Number of protein chains: 2
Amino acid sequence: MKSREIHLTEYPKGEPGPQHFALAEADIPAPKDGEVLVRNRWLSVDPYMRGRMSGMRTYVDPFQLGAAMEGGAVGEVVESKDPALKPGDWVMSMNGWREAYVAPAKGLQKLDVSALPPQAYLGIAGLTGMTAYVGLKRMIGLKEGETLWMSAGAGAVGSAGIQFAKAMGAKVVATAGGAEKTTFCREIGADAVVDYKTTDNLAKAIREAAGGGVDAYFENVGGAHWTAALEVLKPKGRIAACGMIARYNDAGAQPLPDNLTHIVAKSLSIRGFIVIDHMDMLGEFITDLSGWMMAGKIKARETVREGIENMPGAFLGLFRGENLGKMLVKV
Amino acid sequence: MKSREIHLTEYPKGEPGPQHFALAEADIPAPKDGEVLVRNRWLSVDPYMRGRMSGMRTYVDPFQLGAAMEGGAVGEVVESKDPALKPGDWVMSMNGWREAYVAPAKGLQKLDVSALPPQAYLGIAGLTGMTAYVGLKRMIGLKEGETLWMSAGAGAVGSAGIQFAKAMGAKVVATAGGAEKTTFCREIGADAVVDYKTTDNLAKAIREAAGGGVDAYFENVGGAHWTAALEVLKPKGRIAACGMIARYNDAGAQPLPDNLTHIVAKSLSIRGFIVIDHMDMLGEFITDLSGWMMAGKIKARETVREGIENMPGAFLGLFRGENLGKMLVKV
């Protein structure tokens, strides 16, 4: 069987482009004992992948040049040499950026697709949703009645975070860029939305939207958002930082105004985190998410591209803000 | 009785100077029932007082113009109309910046001067030492065998922090400016010291001194120190931020290079704090400090000026780094 896959051809400096990727074709062998052949159906693209393209070791190893890239993927078992899985079963793996693969059955997570569509496991019910959950519950400790500023509110983590924070009883001010995204943030429950692209004073706009300061800020953006957050946080304010998408591609970063004394004067708490360090919260997450879904509090919104050849474009689109909710590629 | 005292004459913008202070004389009335007359002997000057000179409400109220300023003070009871205190007793209060005062006895803290000299209660055994302790124990959670970078190591909080961290079993890299201060840091136990004034690459110098990265950073400085700290902290590194003296006087702050993505990539934790929010740790602090003192692990070092008229100069000297250890004025 043939499978098409995407290779990284060189480690980009600054913003990556289509020239850094190549479409290749691989022969997929028949599965051996204990293995299964899987046909991927949904592939994930995520901002953190930019870090793996740097060629430097960060919290995950860099992608190898000239080999299939990796990432979240959901697919169907086609052929099985392991009694734990049978053809037609849905599985999740990190064997993304390719149409098909053979792998040991025991490294794959079998999915229950009776309650959720399979691609939800790459988004709101997967690491994306878990990231929003860990940030709100453990890093921020969001409490009922508090006010949260969710940045990148129309993105994958942001749109999950808005809905989770509302389900937790918080007031949510979201930021997003452009009319379509701000409308989307309101649709999924944000109490107030600020279009940062048309605002010349972000801190002032957040204060007005929040009716004062905010108790917590969920950092997905960096740069001017960070600066404004230090301004508008109330005393004892908390920041959860899981990504700073505006910065991933900055070979030469813009300097920031130094307003760090707010950290001391307001006793702020700032916690960066990587979701995989907090998988002990998975059970709690699934319980809460199931309850919120049954109560009709959660909408999973996706932006879908089609075809393996469009993976690089989908990934690059993340940095141009082309997604509403989770960006996925159907293959 | 006459008492000389220092008034603030206007709220300074940027760096304060002698012109913002005035020496005045007040009549001290006789104490009424429940009150005592106290002759101050030691007055504290602290960087946080700059915040109270801004005219804006931060975490404490601003100083009033044309009235005696306030701050930590240790003095002797001269006359008492309350059975709880008798002449000759030593007391601590916030009635500093003046030679004498009358106040209700129940608002004053009686000091045990049998084990410690009275002025230690303004320094290593007072809020200064407590600030170092809370930062290391609660904000950072410093563990035996970890490496701490203590900034402003020759200052009041820094010199306490170096000694406490050593007593906790950590390795300490200190930064300070100039030969006298770096020598002092070594004398009180720092394993390695970097003179930031003669270093053109602070992050590199810290890495070399630490033999790699550091587990924790105690922030007393801000600016280029902060930037270097984000560089040299190891994954899961922690920052305690209780002051940023380089910044208190900046009416127009210098921009900082944006290296905030380290917060996410290394899962850093950053906590600003004000010591008065953590007074529940006082008992634990006194227990640990007494033990360390009896084991000969702690040296209290002070820089002493004489006379109430030299209070403004002592305070202004903090921002020019004129103190080794705690800056005090004897009156």
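Atom set for the values below is all heavy atoms of this structure, side chains included, hydrogens, waters and symmetry mates excluded. Keep in mind the model is a prediction, meaning the values are calculated, not measured. Below, chains carry the letters A, B, ... as their sequence lines are ordered, and counting in each starts from 1.
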request  = Could you check Trp226(B) against Ile263(A) for side chain to side chain contact (heavy atoms under 4.5 Å, CB included), going step by step and ending with a plain yes or no?
outcome  = CA-CA 12 Å; Trp226(B) 159 274; Ile263(A) 296 173; 3.8 Å; yes

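In this structure, Gln64(B) places its CD atom where only 12 or fewer heavy-atom neighbours from other residues, nucleotides or ligands lie under 6.0 Å away.
Between atom CD1 of residue Ile274(A) and atom NZ of residue Lys236(B) there is a gap of 9.0 Å, rounded to the nearest 0.5 Å. Annotation: the span from Leu260(B) atom CG to Leu260(A) atom CG amounts to 8.0 Å, rounded to 0.5 Å. Taken from CG in Asp258(A) to OG1 in Thr227(B), the straight-line distance is 8.0 Å, to the nearest 0.5 Å.
If you measure heavy-atom distances from Leu268(A) to chain B, the contacts under 4.5 Å come from the backbone alone.
For Asp277(A) against Ser267(B), the heavy-atom pair with the smallest separation is OD2-OG, 4.0 Å.
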